[in-house]
Every structure is written in C-alpha cells, then in structure tokens.
Amino acid sequence: MSNGDNTAGPLLAGRGLVKAYGRTEALRGADVALSAGEILAVTGASGSGKSTLMHCLSGIVRPDAGSVTYAGRQLEGLPEKELSELRRTRFGVVFQFGQLIPELTAVDNVALPLMLAGTDRTESRSTAGEWLERFGVRAQGELRPGEMSGGQAQRAALARALVTGPEVVFADEPTGALDSLASEQVMTALVHTAREAGTAVLLITHDAQVAAYADREVQLRDGVVAPLGVTA
Ligand SMILES: Nc1ncnc2c1ncn2[C@@H]1O[C@H](COP(=O)(O)OP(=O)(O)OP(=O)(O)O)[C@@H](O)[C@H]1O
Ligand SMILES: [Mg+2]
C-alpha cells in the first residue's frame, strides 16, 4: 500500500507533544519521527512517558498540544471515523498490558482484524494460525487469554497486530513478560516480518538487548525525547 503523497518526509511524526494527566505531565514537548520501514526503539525510565507517547502517535490519545502527522495528514484534523479507519487499516498496536479479547481463543483474537476487514472466518482463522506459528504459539491457538501465560498472550498480541499487514506497528514492551531466549525468538520474528513487509516499528522497551534490534534508538526523559548518551 502506498504511504500517500508524503514520500519525502517521515511516515509518522510527533511534534511538540504535550499530555498531562491531572498534575502529572506525561509528555512535555516530545518530538519523534519514524520513517517508512524503520525500526525505532523508544527507551526511558518507568514513568518517563513512553506509553503515553505511543498512544498519542497511534491516535488513541489526543495530545493537549503539539501534532501528529501520518503520511502528511495531521491526525488531530481527522474526523473520528477517518481516524479509526486509518488506525484499523494502517496501524497495528500491541499494548503494554495485552488487551486480547478474553472471550475469544488466540486464533480468533488474531483472526478478528481480518474478519473485520471482510475476510471469511475459515480463511481468517487459517491465516491467524500461520501468524501464531511465526511467534511460536500455534499450539496455544485454542486457548483463551486467561489460559495462556503472559508471554504467550504477548506473542498472540503481536501476531494480531501484524496479521493485516500494517504500515506501522506500535509495540509497547512486547517482550516484557519473556525470558531472554523467548525475547530473542520474538524479536527475530518481529524484525523478519517487518523487513519482509516494509513495516515500520515503534518499539518500546527497557531491555538494551531488545533495543539493539532497532535501526535507531531514542530515549524519553521526563516527557521529552533526549539525545542518547547524555546524562541529566
Ligand atoms: N491514564 C492515566 N491517568 C493518570 N496518569 C497517567 C495515565 N497514564 C499515564 N499516567 C502518568 O503519566 C506518566 C507517564 O506514564 P507512561 O505510562 O507514559 O510511562 P512509561 O514510560 O510508559 O512507564 P513504564 O515504563 O512504567 O511503562 C506517569 O507518571 C503516569 O503515572
Ligand atoms: Mg509504559
């Protein structure tokens, strides 16, 4: 799928993003840009605003100030219907705390975005099975999220985020519940898939070994993107 008319600039950019929750300033003027096909690691201490940044960039949370531009279109200006259409067709999101649908099995969770896009159930489930396989959880396909381990659910969530072939995948600590061997397997599968499909990845992680899979790393510090290697 084309990225629209904005081939020269970044695919996705957040400029001067500000977001407060009551008196907590989660973002205080964060700037970040992601090119098409780029894998960008976002690191930073707990509470530094990483998840908030991801929620703003993916159009889930509206920033108090600043703007998010995707393929040359400002998300703030889009009607809710267009924004959700864009999120559904162009973005894949893995939340920090799972968010698989508890009533559905792993296969049906992964099949759901395809079915919503009009693919029939049998074909959707078959494709979903292949994606679970890639992430090493095909055997858990008929389990519901509550019956899976945290790491298995994370892998199913990654499969679900990638199944529709999005242009950007947002992954918030996708290996947070995995040991180092499983992290390596999941990162290898994620990077392989992203490279193959030209998918850009915004990868939030606190794990330096996971960040090392990225093309580039930025660090959030107190709600702003700080240059790497500079200590406060
Ligand atoms: N929905 C919310 N309501 C109130 N405060 C919030 C909310 N979401 C985030 N915050 C606050 O905003 C700040 C940034 O939170 P955020 O979740 O973005 O951090 P993070 O870098 O993802 O942290 P972690 O590494 O622990 O996941 C924190 O101080 C947090 O308490
Ligand atoms: Mg977080």
Side-chain angles (χ1 to χ4, degrees), residues 12-34 38-70 75-76 80 83-84 87 91-100 102 145 149-162 166 168-180 182-183 186-187 190 194 200-214 216-232:
L12 179 73
R15 299 269 179 247
L17 296 175
V18 173
K19 178 68 194 173
Y21 294 103
R23 285 160 61 185
T24 304
E25 295 176 302
L27 294 179
R28 302 199 281 184
D31 296 305
V32 66
L34 182 68
E38 182 181 33
I39 302 181
L40 176 69
V42 176
T43 59
S46 180
S48 59
K50 303 183 296 296
S51 294
T52 306
L53 178 67
M54 181 186 103
H55 296 152
C56 288
L57 291 173
S58 55
I60 292 163
V61 161
R62 212 168 262 263
D64 301 331
S67 77
V68 176
T69 309
Y70 175 76
L75 297 196
E76 302 79 54
E80 186 53 44
L83 182 60
S84 39
R87 281 203 310 251
F91 295 170
V93 182
V94 181
F95 294 101
Q96 188 167 9
F97 302 106
Q99 272 97 357
L100 293 170
S149 73
Q152 289 165 350
Q154 275 186 325
R155 285 183 260 182
L158 267 171
R160 185 182 58 177
L162 286 157
V168 186
V169 166
F170 300 89
D172 195 349
E173 299 278 9
T175 62
L178 302 177
D179 62 33
S180 59
S183 284
V186 163
M187 285 309 301
L190 175 59
V201 182
L202 187 111
L203 172 69
I204 296 178
T205 185
H206 65 272
D207 183 338
Q209 279 179 6
V210 169
Y213 283 87
R216 192 161 64 87
E217 177 180 342
V218 294
Q219 211 170 74
L220 262 182
R221 204 171 297 149
D222 299 328
V224 297
V225 175
L228 268 190
V230 179
T231 44

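Atoms within each ligand, like the ligands themselves, are counted from 1 in listed order.
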Task: Results of side chain to side chain donor-acceptor pair (under 3.5 Å) for Asp172 - residues two or more places apart only - done: Ser51

Task: From OG1 (Thr175) to CZ (Arg155), nearest 0.5 Å - done: 11.0 Å

Task: the Mg ion (ligand 2): protein N, O or S atoms that are less than 2.8 Å away, sorted by chain - done: Ser51 OG, Gln96 OE1

Open item on the list: If the test is side chain to side chain contact (heavy atoms under 4.5 Å, CB included), which one of Val94, Val42, Ile204, Leu12 qualifies with Phe170?
Closed with: Leu12

Open item on the list: I'd like the name of whichever of Ala26, Gly49, Gly176 reaches closest to atom 19 (O) of ligand 1 through any heavy atom.
Closed with: Gly49

Task: ligand 1 atoms in contact with Gln96 (distance to a heavy atom under 4.0 Å) - done: 27 (O)

Open item on the list: Please list the nearest protein heavy atom to atom 25 (O) of ligand 1 with its residue and the distance rounded to 0.1 Å.
Closed with: Lys50 NZ, 2.7 Å

TODO: Evaluate the ring-ring contact (aromatic ring centres under 6.0 Å, His included) criterion for residues Phe91 and Tyr70: first the C-alpha distance (whole Å), next the side-chain angles of each, then the deciding distance (0.1 Å), finally the verdict.
DONE: CA-CA 10 Å; Phe91 295 170; Tyr70 175 76; 5.0 Å; yes

Open item on the list: Among residues at least two apart in sequence or on other chains, which ones pass side chain to side chain donor-acceptor pair (under 3.5 Å) with Arg15?
Closed with: none

Task: Part of Thr52 within contact of ligand 1 (heavy atoms, under 4.0 Å) - done: both

Task: Residue part near ligand 1, for His206, under 4.0 Å between non-hydrogen atoms - done: neither

Task: For the student: nearest non-hydrogen atoms of Gly151 and Leu178, plus distance - done: CA-CD2, 3.3 Å

- [ ] Please work out which of Ala20, Ser46, Gly22 has its closest non-hydrogen atom nearest to atom 26 (O) of ligand 1.
- [x] Ser46

TODO: Using side chain to side chain donor-acceptor pair (under 3.5 Å) as the criterion, list what pairs up with Glu76, not counting sequence neighbours.
DONE: Gln74

TODO: Can you see which heavy atom on Gly49 is nearest to which on Leu27, and at what distance?
DONE: O-CD2, 3.6 Å

Task: Nearest-contact summary for atom 5 (N) of ligand 1 - protein heavy atom, Å - done: Tyr21 CB, 3.3 Å

- [ ] Could you walk me through whether Leu40 and Glu217 pass side chain to side chain contact (heavy atoms under 4.5 Å, CB included), step by step?
- [x] CA-CA 6 Å; Leu40 176 69; Glu217 177 180 342; 5.9 Å; no

Open item on the list: Could you identify the single nearest non-hydrogen protein atom to atom 29 (O) of ligand 1 and state the distance to 0.1 Å?
Closed with: Thr24 CG2, 3.4 Å

Open item on the list: Please list, in number order, the atoms of ligand 1 under 4.0 Å from a heavy atom of Ala45.
Closed with: 21 (O)

Open item on the list: So which atom in Gly29 and which in Val224 form the shortest heavy-atom distance, rounded to 0.1 Å?
Closed with: O-CG1, 3.9 Å

Task: Test of proximity, Gly47 against ligand 1: N or O pairs below 3.5 Å - done: yes

Task: For atom 17 (O) of ligand 1, closest protein heavy-atom neighbour - done: Ser51 CB, 3.7 Å

Open item on the list: Less than 4.0 Å from atom 8 (N) of ligand 1, is there any heavy atom belonging to the protein?
Closed with: yes

TODO: Quick one: pull up CG in Leu158 and CG in Leu190 and give me the separation to the nearest 0.5 Å.
DONE: 6.0 Å

Task: Interatomic distance, Gln209 atom CD to Ser180 atom OG [nearest 0.5 angstrom] - done: 6.5 Å

Task: Polar atom proximity, Glu173 to ligand 1 (N or O, under 3.5 Å) - done: no

